[in-house]
There are 2 protein chains.
Amino acid sequence: MSHRPFHHGNLRTVLLEQAEVVLRERGIDALSLRELAREAGVSHGAPRSHFIDRGALLDALAERGFIRLADRIREAASREPEDHARALHAAASAYLAFAERDPALLDLMFATKVGEPSEAVRGAAERLFGTMTDIMNAGVEAGAYDADDVGRLTLLLSATVQGIAALVTSRRITTPQSEALVDDAIRLFLKGASAG
Amino acid sequence: MSHRPFHHGNLRTVLLEQAEVVLRERGIDALSLRELAREAGVSHGAPRSHFIDRGALLDALAERGFIRLADRIREAASREPEDHARALHAAASAYLAFAERDPALLDLMFATKVGEPSEAVRGAAERLFGTMTDIMNAGVEAGAYDADDVGRLTLLLSATVQGIAALVTSRRITTPQSEALVDDAIRLFLKGASAG
DNA sequence: ACCTGAACACCGTTCAAGT
DNA sequence: ACCTGAACACCGTTCAAGT
């Protein structure tokens, strides 16, 4: 048996993955660097080599969250290449599914920043917005919107879906209500956004 | 001089008001019961008489936040009794102004609940939704919507405005962008929601 | 380059005791 | 009814030292 640390070269990922579990099961208040270290079998000082402080861990979690959410949305929309309305619906549903599985992570991703958001988080958030933009551009090609409007419409759609997600994670509406709300949102969005 | 505690009968309010300042200036991570107690000039155990734990204080803050936000929105909309579109715009702008002044408080109001939200918070959140409903009902009388749709449309408008606020508090968009987004949102909402 | 372990300051919570 | 103050367990952070 070696006495090299079990997680040598891997501790960062182990901490992040365990943190996601804690976030999912017990929420952000239960997330402690010392507990993560204990569960990973390292000393309480070890995370310091990978995250300068608790905020840096939270940033890394938010970054991973944005990347995963963007991937889920892109994947969902890509299953409806022929029908833009259905693609929007699939994307929104994927967003809501993420919110229901990982509400505390979504909170973290959209949490108030005291200063500027970190570069990594900002980039990951832009990846999500880029995914939404790609989906909307497919709608332009299908004749659903004017090309000039796509930037503003993408922002509006993103805000609307995030708002619905916030109502779900804060338990203000139930899952069935959120599904009806997504239907309404997309129907009204397409009607209101149509050129002319 | 009496040695009755300075805050006798008043400590609860003093703690809440100081907590709102801390939340505004330094964010939720800086909010500590012990610090609040020190600043109020009482022992660290004193808050226990008014809030069973830190979560109860946060609930009380969220409750007050919902009440204040609902009042601001009602007031803003009431200044445009003749023009429903302008009333919606005023309400949304009041929401965004709240989000910019008290981003951490808004986060708290829409934070993920692990269990069920407390009765008091739920009631206060419903007051906000009730205010939005009243504004929308005025739109029904003005002929902007079918009465049958007003419940779903109110939910959609609420979600959209909250989503725009989330983009602001998370620093994803700037204040000018949020103003343009509110314009787009309300124009598109009225177009999409119009009866027929 | 990464991890250990002592040290420090701070925190939430509990609770017997006071008024 | 409300507040005090000791006690407990836990936490984030720092840092000299090890490998």
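Naming convention: chains lettered A, B, ... in sequence-line order (proteins, then strands); numbering from 1 in each chain.
Taking 4.5 Å as the limit, some side-chain heavy atom of A/Arg101 sits within range of a side-chain heavy atom of A/Arg24.
In this structure, A/Arg48 does not reach the D/dT13 phosphate: none of its side-chain N or O atoms is under 4.0 Å from OP1 or OP2. Of the side-chain N and O atoms in B/His50, none sit less than 4.0 angstrom from OP1 or OP2 of D/dA1. Contact annotation: B/Ser43 reaches the phosphate of D/dT4 (side-chain N/O to OP1 or OP2, under 4.0 Å).
Here C/dG12 presents its P atom at 5 Å from CG of B/Leu33, a figure rounded to the nearest Å. Note: CG (B/Asp53) to C1' (C/dC15) measures 16 Å, nearest angstrom. When rounded to the nearest whole Å, the span between CZ of B/Arg12 and P of D/dC3 equals 12 Å. Rounding to whole angstrom units, NE2 of residue A/His44 and P of D/dC11 are separated by 11 Å. Distance CD (B/Glu35) to C1' (C/dC11): 11 Å, rounded to an integer number of Å. Whole-Å rounding puts the B/Asp29 CG to D/dT13 C1' distance at 15 Å. A straight line from CG of A/Leu31 to P of C/dC11 spans 20 Å, rounded to a whole angstrom.
With the 3.5 Å cutoff on both pairing distances, Watson-Crick and G-U pairs in DNA chain C assemble into runs of at least 3 at C:4-8 with D:12-16, C:12-16 with D:4-8.
Where B/Arg54 and A/Arg34 meet DNA chain C, the nucleotide closest to each residue was compared, and A/Arg34 sits on the side nearer the 5' end. Ranked by how close their nearest DNA chain D nucleotide is to the 5' end, A/Ile52 and A/Arg38 are led by A/Arg38.
With A/Val161 as reference, A/Leu96 is the one residue of A/Ile73, A/Leu96, A/Leu181 to meet the side-chain contact (heavy atoms from CB on, under 4.5 Å) rule. Across A/Asp59, A/Leu58, A/Leu31, a single residue satisfies side-chain contact (heavy atoms from CB on, under 4.5 Å) together with A/Leu108, and that is A/Leu58.
Judged by the 6.0 Å and 45° rule, B/Arg172 forms a cation-pi pair with A/Phe110.
Hydrophobic clustering places A/Leu157 together with A/Leu190 (ILVMFWY residues linked when any side-chain heavy atoms are closer than 4.5 Å, directly or through intermediates).
Note on A/Ser32: only backbone sugar-phosphate atoms sit closer than 4.0 angstrom, heavy atoms only; bases stay farther off.
B/His89 and B/Asp183 form a side-chain donor-acceptor contact under 3.5 Å, judged by distance and modelled atom types alone.
Closest approach of A/Lys113 to B/Ser170, counting heavy atoms only: CG-O, 4.0 Å.
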